[in-house]
Amino acid sequence: MADSRGGLTWWSGFLKAALRAKVISPKQGNELKTIGEGELERKLGLWDLILLGIGASIGAGIFVITGAVAQDTGPGVVLSFVFAGAACILNALCYAELSSRFPAVVGGAYLYTYFTFNELTAFLVFVHLMLDYHIGAASIIRSLASYIVTLLKLIPAFSFIPTFFGPGGHELLGGWLSINFLAPILLILLTFVLCQGVRESAIINGVMTVTKIVIVLLVIAAGSFEVDVSNWSPFAPFGLPPIIQGATVVFFAFVGFDAVANSAEESKSPQRDLPTAIIASVLCCAGLYLGVCLVITGMVPYYELDSSAPLASAFIKKGLTFITILIGVGAVAGLTTTVLVGLYVQSRLYLGLGRDGLLPTIFSKVNPQHHTPVTAQIWVGAVAGVMATLIDVSHLSHILSVGALTGYSVVCACVVVLRTLPEEQWQSASRYRGSKDAKRTQGAIAFILVTAVLGFSIGLCYRLGAHPAYGLGLLSLELLFAVPMYTHQEYYEPSGFSCPAVPTLPLISILVNMFLFAQLHWEAWVRFVVVSALAVIFYGVYGQFNSRIETRNASVGISAVDEGSLPSLFSKEA
């Protein structure tokens, strides 16, 4: 069947479109102008960005997830957060470099992938990250509604609240539906705030984030006097496997640095502030998580913790009921900022894809008065609202982290690939000057794929309880394949923030991410395959024909698929 694009068959046309790469100039930095129907305002300073990253992370991770994971891991939940935090710090360093290379445009991981690899891969990264964000927002807003109702019931006038507003919602059809009317009301309020402007949203986020940090520190300080070290023994009552699997659950609790990267277009000094804010927010969150885990598992035996409200249950069992009010306030502030920032990030991602034509252009509209993507903001609020009103999405927590793990792995791969050529060469219309350049980059991509496969395979060996010799053998194979990456590749330093130890650190990060991916619930793997297939179908039907990359590339005098895109890697010359 012929395609309308120059007589190509549908399949060849699809491949040509899918392998297009975005052309922008990272060097332009703050001077890079927004392309689209409106511009966002640069109003976020360094502290705003740090608080944005902390606000996106500290919430459900402390006030909900710690108890649920502790039920399966015991005091070893501390190690779950250590493993997840270490993996996220590695990923954050890669994010920091790319945020310095691409400091002026929304998009984050989607943008980095679009520039480094191709259009279809970027779209897949967006879809998986977005599904994580949608489910996460709906789940957390339900937890927020539950905490608010719990606090209200302390007031006699609100002692009776219908189940339609209460914790857990009102179940219908045998639990298939779980109605909660407070969750969508809260989402409407948060969406309204976000539509008013980024400065207003940042102020509210800042006040609430500082409030919850102070409360968490006070809780850690108060709880430390009630710690009984005997509660930490045995430290890992169920062994190491539940701890590793717990790390995949809490991994999503560190996603704040992705929010920072997506605020590039609204940062006052993105090239200077984004890398600092990304790393600082991850380190702050890691410290708070570890402090809380040590305190609550030391205060009471892990099996006595309430999986839905672990902090409150620990203090109640110690007779410190008055602290639970403080915890309730902290939980409301924490969960509010997590949802607020999550909705903010989603709207900016939709804005980026609307501009590029991979989604309907209505998402690219920016309100001229408030300088916010109002349409995209209302859309993401509506999606979360429908899910939170009708479904108890906490049951879907086991399919979260798929988007984060895959998206972060691709970001790490971007760092390695971009380092194979000088920075100025990536900015030119023709990135590959002869077959030598193409082969170097192609070799890096091939090894990255090998690393991902081996990381997943090692993870499977561990999960299935295979003899350690299998895992060590696969790791030895990884080291053997890595030799050319050090002996036949040269890596060029970027002009801005530089991720240390390239390619070692990004490759270790990919290996760890894929190892954790192998520990996910099997339903998460099914989700990955099904959602990827649906995304490819949508791209084939809509995205490839509506992408604006041809128009945009034409404005700088190059064709839609130039020598700078990945098809040149597979040319006969290469």
Side-chain angles (χ1 to χ4, degrees), residues 73 76 79-95 97 116-117 121 236 238-248 251 401-402 404-420 438-492 498-522 524-525 528-529 569:
T73 62
L79 293 181
S80 294
F81 276 97
V82 168
F83 293 152
C88 284
I89 288 172
L90 296 178
N91 290 308
L93 288 170
C94 294
Y95 259 89
E97 174 172 322
T116 310
F117 296 113
T121 304
F238 308 110
L240 188 59
I243 292 175
I244 299 297
Q245 192 161 32
T248 67
F251 190 88
S401 297
V402 172
L405 287 168
T406 53
Y408 296 172
S409 296
V410 175
V411 167
C412 296
C414 289
V415 171
V416 177
V417 172
L418 289 174
R419 289 288 199 97
T420 59
K439 286 181 177 179
R440 287 168 55 190
T441 307
Q442 185 179 11
I445 294 172
F447 179 71
I448 288 168
L449 292 174
V450 169
T451 299
V453 172
L454 288 176
F456 183 76
S457 301
I458 294 171
L460 279 182
C461 288
Y462 176 81
R463 177 172 182 163
L464 298 175
H467 192 279
Y470 290 100
L472 292 174
L474 290 171
L475 188 59
S476 300
L477 192 62
E478 163 73 11
L479 296 175
L480 181 63
F481 275 110
V483 172
M485 292 291 288
Y486 295 90
T487 60
H488 291 75
Q489 288 279 16
E490 185 176 357
Y491 301 95
Y492 299 87
S498 176
C499 175
V502 173
T504 304
L505 189 148
L507 291 175
I508 291 175
S509 186
I510 294 172
L511 201 69
V512 172
N513 290 342
M514 290 297 99
F515 178 89
L516 292 176
F517 192 95
Q519 312 311 312
L520 291 173
H521 194 281
W522 67 269
W525 300 346
F528 178 78
V529 174
L569 295 180

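When reading the values below, keep in mind they use all heavy atoms of this one structure, side chains included, and skip hydrogens, waters and symmetry mates.
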Inter- and intrachain pairs under side chain to side chain donor-acceptor pair (under 3.5 Å), touching residues 80-92, at least two apart
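Qualifying pairs, neighbours excluded: Asn91-Ser509, Asn91-Asn513.
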Residues which pass side chain to side chain donor-acceptor pair (under 3.5 Å) with [X], listed by chain and number, not counting sequence neighbours:
{"X": "Gln245", "answer": "none"}
{"X": "Thr121", "answer": "Asn118"}
{"X": "Tyr95", "answer": "Asp258"}

Donor-acceptor pair, side chain of Gln489 and main chain of Thr420, under 3.5 angstrom
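No, the answer is negative, given that no donor and acceptor are paired below the 3.5 Å cut-off.
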Heavy-atom donor-acceptor pair, Arg463 side chain to Ala518 backbone, under 3.5 Å
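Judged by distance alone, yes, a pair lies under 3.5 Å.
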How long is the straight-line distance from [atom2] of [Y] back to [atom1] of [X], given to the nearest 0.5 Å?
{"X": "Leu93", "Y": "Ser498", "atom1": "CG", "atom2": "OG", "value": "10.0 Å"}
{"X": "Leu516", "Y": "Leu405", "atom1": "CG", "atom2": "CG", "value": "6.0 Å"}
{"X": "Ile510", "Y": "Phe456", "atom1": "CD1", "atom2": "CZ", "value": "15.5 Å"}
{"X": "Leu418", "Y": "Thr441", "atom1": "CG", "atom2": "OG1", "value": "9.0 Å"}
{"X": "Ile243", "Y": "Thr248", "atom1": "CD1", "atom2": "OG1", "value": "12.5 Å"}
{"X": "Thr451", "Y": "Leu477", "atom1": "OG1", "atom2": "CG", "value": "10.0 Å"}

Under the ring-ring contact (aromatic ring centres under 6.0 Å, His included) rule, what pairs show up with a residue in residues 470-492, not counting sequence neighbours?
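Qualifying pairs: none.
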Stepwise, does the side chain to side chain contact (heavy atoms under 4.5 Å, CB included) test hold for Leu507 with Phe447?
CA-CA 9 Å; Leu507 291 175; Phe447 179 71; 3.4 Å; yes
So do the side chains of Pro503 and Arg419 get within less than 4.5 Å of each other, counting heavy atoms only?
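Contact flag for Pro503/Arg419 side chains = no.
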Are Phe117 and Ile445 side-chain neighbours, meaning at least one heavy-atom pair lies under 4.5 Å?
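Heavy-atom side-chain distance check passes, below 4.5 Å.
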Heavy-atom closest pair, residues Ala247 and Ala84
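Here Ala247 and Ala84 meet closest at O-CB, 3.6 Å.
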Can you name the nearest heavy-atom pair linking Pro500 to Leu505, along with the distance?
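Scanning both residues completely, I find the closest heavy atoms to be O-CB, 3.5 Å.
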Applying side chain to side chain contact (heavy atoms under 4.5 Å, CB included) to Ile508 and Cys412, what does each step give before you reach the verdict?
CA-CA 9 Å; Ile508 291 175; Cys412 296; over 6 Å; no
The single option from Phe251, Tyr408, Phe528 passing ring pair (Phe, Tyr, Trp, His ring centres under 6.0 Å) against Phe517:
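One option only clears the test, and that one is Phe528.
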Met485 and Val416: CA distance, side-chain angles, deciding distance, side chain to side chain contact (heavy atoms under 4.5 Å, CB included) verdict
CA-CA 10 Å; Met485 292 291 288; Val416 177; 3.9 Å; yes
State which residues pass ring pair (Phe, Tyr, Trp, His ring centres under 6.0 Å) with Tyr462; sequence neighbours excluded, sorted by chain then number.
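Testing Tyr462 for ring pair (Phe, Tyr, Trp, His ring centres under 6.0 Å), a comparison that skips the adjacent residues, returns Phe515.
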